Structure formats: structure tokens, C-alpha cells
Trainee: 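Mind looking over this structure? Questions follow.
A quick note: this is a predicted structure, and the numbers were derived from the prediction, not measured.
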Amino acid sequence: MVIRRAHGFLHSPMDAADVPRRLFRIAGAWTGGEGERMDFDDAVCRIETRPALLRGGMTRRDIATLSHGDLRKLARGTFVASETWDAAWPAERHLLQVAAYEQRRRGGVVYSHLTAALLHGLPLWGAPPTHVHVSGTQHNGAVSRGTPYVSRHRCAVPDVDVVSSGGLVLTAPARTVADVLRTTPRDTAIAIADAALRAVAWDARQRLYDADAAEYLRAEIARRLTTGARGVRQARELLELADGRSESAGESVSRLRLHDLGFRRIRLQVSVGPYFVDFGLDDAAVWGEYDGEVKYRDVAMRHGRALEDVLRAEKEREDWIRGLTGRRVIRWTTADIRSPGGLRSKLYRFGVFPTPNHRRNAESPPDGAHSGGDGATEW
């Protein structure tokens, strides 16, 4: 097996000089909350093996006793402190599981599917993975009894789809996203696909979107969706819908919900004067804003400002947008998009419905609006 070192999402040689690369790091997917995030190196340092515990003076009886309290068994012969596990976010817990499996991993397998996505730094939405996913030609697709936390996929992974980063061997980004689109729930899949496109195409500082880079990656993912494979119909539907201008997993799932409700003229990151709005719902002539709770709880995301100051600034921003455009701003939270009916109920309470004519071009701006270059659109 020829293994390439991972340097982010790669582009074709012909456009390498023009399309900036977005680098991925081996780290836990950011899931919200306060404090430092655990990366893979941190996870490795937190793993305790049975031989190490015995060398440290513990007896087998001590280990057996502690595994029901202060220690949590992750796999045969590998443990983590219970307080570390309890404090970890879902993606961080999966990193700990990967670090435990890495202690026993043998050659010929690569990390794949949702495990590879999290190792590439893509965001987790929904239930955390309960198994470490690996792929190789010697597997039968079943979960091994000897290692019940590992899901082994029997499939050939060509050399071009294998990369190495941080000492780990995993499927390359395009292959990883293709596998996730086929095998995970729609919410999880769209959040990861959007994040992959965002990594190569969205410049958050300049508010510019590199459509060529996004379409190149989209084509690379599509090439790995084989007709007849399990889940390929869902994968192709979501890949067509994916858009790297969604700036968070919550925005991605919001857009999926809106699409399922029948909204078609959805614009993203719309420039209104000095501000940007998450969604322009031109079907209903309103603005939409997803409010992730973390931006209010996390001091780092508030840039050191007091919560009262953040809320006051948000109100001033909303008043300005409403006064300039004459459109209402409808806000929703994570709780509203956890189920398909949640956002429907929220919007319907405010009298917001999609237009009956769903065949209109979703990219066509309303009268008086124009494009803001290759990135956000302008009011």
C-alpha cells in the first residue's frame, strides 16, 4: 500500500496555483462548550494500558476494582480515567476510543467513515459514533466479537484514497465524505459534507467563496459514489445540496430542514449593509438566523465581551436589518432543528411558509438584490 501524507484537500495539478489549500489537522471535531479542546495527541496521553498500570504498582485486583469506578475500560487492556471520559465531549470520547484501538491496531487497515471524518477535523452532529470504523480487504463488514467497539468494513481502499497524518493511516478526505454521505443519517452527513466544502472554498475573513475549489471537491466525491452501492441515492442527493457557505453544523442542518419543508430560494451569508445574515428566505420574504448556544456561552466566541453586551449588539443589529430591508428576522436554536417538525412548528407560528411554486431557481435573487461577488450575496 502506498500511503501519502495528508496535506488537506488536494486539487488537480492544473489549478493548484490558483486554488488555495485548506489544511486539516488531526484533532477532535469542535462540538461547542468552553475550555481547551482535546486533540489526538492529548487523547493518546490519557490512555492507560494494563502493563503500564502494573508497572506503576497496581495489582490486577486493583485494576479490576478501579474499572468499575475511577477507571473506564475502553478496550481489552486499555483504560482512561473516568473523570476524563465524563468531562469529554462526544467527538473527544471518540478520539479516546481511537487512541485505545491504535494501541492494538495491526497493518492492512485504515480508519474510515465517521472515524476518519472526525480525525480530519470535520464536525460531529447527532449521536456520537459508538464504534471505531476501519476498512480493509480482510474484513467481513461485521463487528468483531473480540473488539466490540470496532466496526470493520470489508472493502478495498485504493492507494489514492489513503493518507497518513499524525502517524495515523486513514481514508483521504474525498473518500471519507463519500463514505459518510452513504452510511450516516442525513443530518450528520450534510454537516460533514458542508464542512468539507467550507474547508477548501470559504474564506471567512474575506467572505469569499471559491466556487471552482468547491466544485472540484464535489466532483472528486461524486467519482467515489458507485452506482448500486448502499446509500448512494441519499449520498448523491445530499452532495448536490451541500454548500460550503454554511458556517456551522447547525446552519447545515437548518438548511436541510428548510429544504425538506419546501423552501427553495435560500441564500446564504447575505450581506445587509455592514452585517451578514445566515439565511435569506426569499420564498417568504424573511431573514433566518440560526442561534447556536455556544456563541453566547463560550467566552472565547464572545471575544471577551459580557453576555449583556453581546445580546445588546445582537438587538441593535437585528433592528438595523429590519429597518433597512423591511423584512422580519426569524431566529431558531438547536432545539428547533433536532427533528424535522421542530423548525416547521417554529416557522409556522410566525406565519412563515415556502412558496407553492418549488420549481423556481433557488439561486435567483429577489428583485433589487444583487450578487456580492463569489462569496456572500448582497441585499
Side-chain angles (χ1 to χ4, degrees), residues 9 112-114 116-118 120 122-127 129 133 153 155 161 171-202 209 211-269 278-283 288 290 336-344 347 354-364:
F9 291 111
S112 62
H113 295 76
L114 195 53
L118 294 179
H120 277 304
L122 296 170
L124 173 66
W125 180 274
H133 292 268
H153 302 266
C155 55
D161 282 342
T171 51
R175 171 61 182 267
T176 298
V177 176
D179 288 339
V180 167
L181 285 171
R182 289 191 305 105
T183 60
T184 64
R186 295 171 76 238
D187 296 3
T188 302
I190 194 65
I192 285 176
D194 279 2
L197 295 177
R198 182 165 65 247
V200 301
W202 179 242
Y209 191 63
D212 290 337
E215 291 312 306
Y216 180 83
L217 177 58
R218 196 190 308 271
E220 288 296 297
I221 297 169
R223 286 201 306 112
R224 290 158 174 82
L225 296 174
T226 305
T227 299
R230 179 171 68 93
V232 73
R233 178 178 297 180
Q234 168 185 289
R236 287 173 174 166
E237 172 202 345
L238 293 176
L239 182 59
E240 182 178 355
L241 183 62
D243 193 316
R245 288 171 294 185
S246 288
E247 291 193 303
S248 69
E251 288 185 23
S252 297
V253 175
S254 295
R255 198 178 75 259
L256 179 63
R257 296 278 186 261
L258 291 167
H259 177 84
D260 290 347
L261 288 174
F263 289 91
R264 292 298 180 266
R265 304 181 70 199
I266 304 173
R267 290 183 296 144
L268 305 179
Q269 310 306 329
D278 294 341
F279 301 97
L281 303 182
D282 297 330
D283 283 352
Y290 165 71
D336 296 316
I337 60 173
R338 289 204 182 279
S339 66
L343 186 58
R344 177 192 295 114
L347 295 178
T355 178
N357 184 1
H358 293 167
R359 293 176 295 177
R360 300 183 66 177
N361 185 350
E363 295 301 320
S364 60

Trainee: Any chance you could lay out the salt bridge (Lys or Arg N to Asp or Glu O under 4.0 Å) test for Asp194 and Arg198, step after step, and finish with the verdict?
Mentor: CA-CA 6 Å; Asp194 279 2; Arg198 182 165 65 247; 5.7 Å; no

Trainee: A side-chain contact here means heavy atoms from C-beta on lying under 4.5 Å apart; do Leu122 and Leu118 qualify?
Mentor: no

Trainee: Given Leu238, which of Arg186, Arg182, His259, Arg233 fulfils the side-chain contact (heavy atoms from CB on, under 4.5 Å) condition?
Mentor: Arg186

Trainee: How long is the gap from CD on Glu247 to CG on Leu268, to the nearest 0.5 Å?
Mentor: 9.5 Å

Trainee: For the side chain of Thr226 and the backbone of Ala229, is there at least one donor-acceptor N/O pair under 3.5 Å apart?
Mentor: no

Trainee: Quick check against the 3.5 Å criterion: does Tyr209 have a side-chain atom that pairs as donor or acceptor with the backbone of Gly244?
Mentor: yes

Trainee: Quick one: do the Thr171 and Thr176 side chains pair a donor with an acceptor below 3.5 Å?
Mentor: yes

Trainee: For the side chain of Arg224 and the backbone of Glu220, is there at least one donor-acceptor N/O pair under 3.5 Å apart?
Mentor: yes

Trainee: Under 3.5 Å, is there a donor-acceptor pair between the side chain of Gln234 and the main chain of Leu181?
Mentor: yes

Trainee: Nearest 0.5 angstrom please: Thr184 OG1 to His133 NE2, how far?
Mentor: 9.5 Å

Trainee: For a salt bridge (Lys or Arg N to Asp or Glu O under 4.0 Å) check, start with the C-alpha distance between Arg264 and Asp283, then their side-chain angles and the critical distance, and finish with the verdict.
Mentor: CA-CA 7 Å; Arg264 292 298 180 266; Asp283 283 352; over 6 Å; no

Trainee: Any chance you could measure Ile337, atom CD1, to Leu343, atom CG, to the nearest 0.5 Å?
Mentor: 7.5 Å

Trainee: Distance from Leu347 atom CG to Leu261 atom CG, nearest 0.5 Å?
Mentor: 6.5 Å

Trainee: To check you understand the geometry: which heavy-atom pair defines the closest contact between Pro123 and Ala191, and what is its length?
Mentor: CG-O, 3.9 Å

Trainee: If you look at every heavy atom in Leu124 and Pro129, which pair is closest and at what distance?
Mentor: CD1-CD, 4.1 Å

Trainee: We want to know whether Trp202 and Gln269 form a side-chain donor-acceptor pair, criterion being a heavy-atom distance below 3.5 angstrom.
Mentor: no

Trainee: Measure the CG-CH2 distance between Leu256 and Trp125 for me, rounded to the nearest 0.5 Å.
Mentor: 11.0 Å

Trainee: Taking it one step at a time, do Asp187 and Arg257 satisfy side-chain contact (heavy atoms from CB on, under 4.5 Å)?
Mentor: CA-CA 9 Å; Asp187 296 3; Arg257 296 278 186 261; 2.6 Å; yes

Trainee: List the atom of His153, the atom of Ser112, and the distance in Å for their closest heavy-atom pair.
Mentor: CD2-OG, 4.2 Å

Trainee: Tell me if a side-chain donor or acceptor on Asp161 pairs with a main-chain N or O of Ala172 at a distance below 3.5 Å.
Mentor: no

Trainee: Does the Ser254 side chain pair with the main chain of Gly250, one donor and one acceptor, at a distance under 3.5 Å?
Mentor: yes

Trainee: Side chains of Leu281 and Arg265: does their closest heavy-atom pair fall under 4.5 Å?
Mentor: no

Trainee: When you measure from the side chain of Arg255 to the backbone N and O of Leu241, does any donor-acceptor pair fall under 3.5 Å?
Mentor: yes

Trainee: What are the two closest non-hydrogen atoms of Val177 and Ala196, and how far apart are they?
Mentor: CG2-CB, 3.7 Å

Trainee: Can you tell me how far CG of Asp179 sits from NE2 of His113, rounded to the nearest 0.5 angstrom?
Mentor: 4.0 Å

Trainee: Stepwise, does the side-chain contact (heavy atoms from CB on, under 4.5 Å) test hold for Leu197 with Asp243?
Mentor: CA-CA 7 Å; Leu197 295 177; Asp243 193 316; 5.6 Å; no

Trainee: Quick check against the 3.5 Å criterion: does Glu240 have a side-chain atom that pairs as donor or acceptor with the backbone of Arg236?
Mentor: no

